[in-house]
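The analysis underlying the following values was restricted to heavy atoms, covering all of them including side chains, and did not include hydrogens, waters or symmetry mates.
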Amino acid sequence: MMRRLGRNWARLHQLAYVIPALGVLHYWWLVKADVREPLVYALLYLALMLLRWKPIALRISRMPA
């Protein structure tokens, strides 16, 4: 698949981080009264993105078990 997409593979890979954030934002805009569920999704997305951030990921991987 990567070979077939060529240069567009990197663009698709970068969009894989942006699209979920836009999805959470869109869901937040749809919900009018109770924003607890979109908030949960936003926090979950933020936590996953923080784990992808290299300095934090390195510290977590070096923590003793």
- Item | Parallel, tilted or perpendicular, as decided by the 30° and 60° cut-offs, for the rings of H13 and Y17 | perpendicular
Working to the nearest 0.5 angstrom, can you tell me the gap between [X] [atom1] and [Y] [atom2]?
{"X": "L30", "Y": "L25", "atom1": "CG", "atom2": "CG", "value": "10.0 Å"}
{"X": "R3", "Y": "W9", "atom1": "CZ", "atom2": "CH2", "value": "12.5 Å"}
{"X": "L48", "Y": "L43", "atom1": "CG", "atom2": "CG", "value": "11.0 Å"}
{"X": "N8", "Y": "L15", "atom1": "CG", "atom2": "CG", "value": "10.0 Å"}

- Verify the cluster assignment for V31 and L39: are they in a single hydrophobic cluster under the rule of side-chain heavy atoms below 4.5 Å apart? yes
- Query: Are V24 and I19 joined in one hydrophobic group, where the rule is that I, L, V, M, F, W and Y side chains link up if heavy atoms are under 4.5 Å apart?
  - Reply: no
- Task: Return the minimal non-hydrogen interatomic distance between V18 and Y45, and the atom names on each side.
- Result: N-OH, 4.5 Å
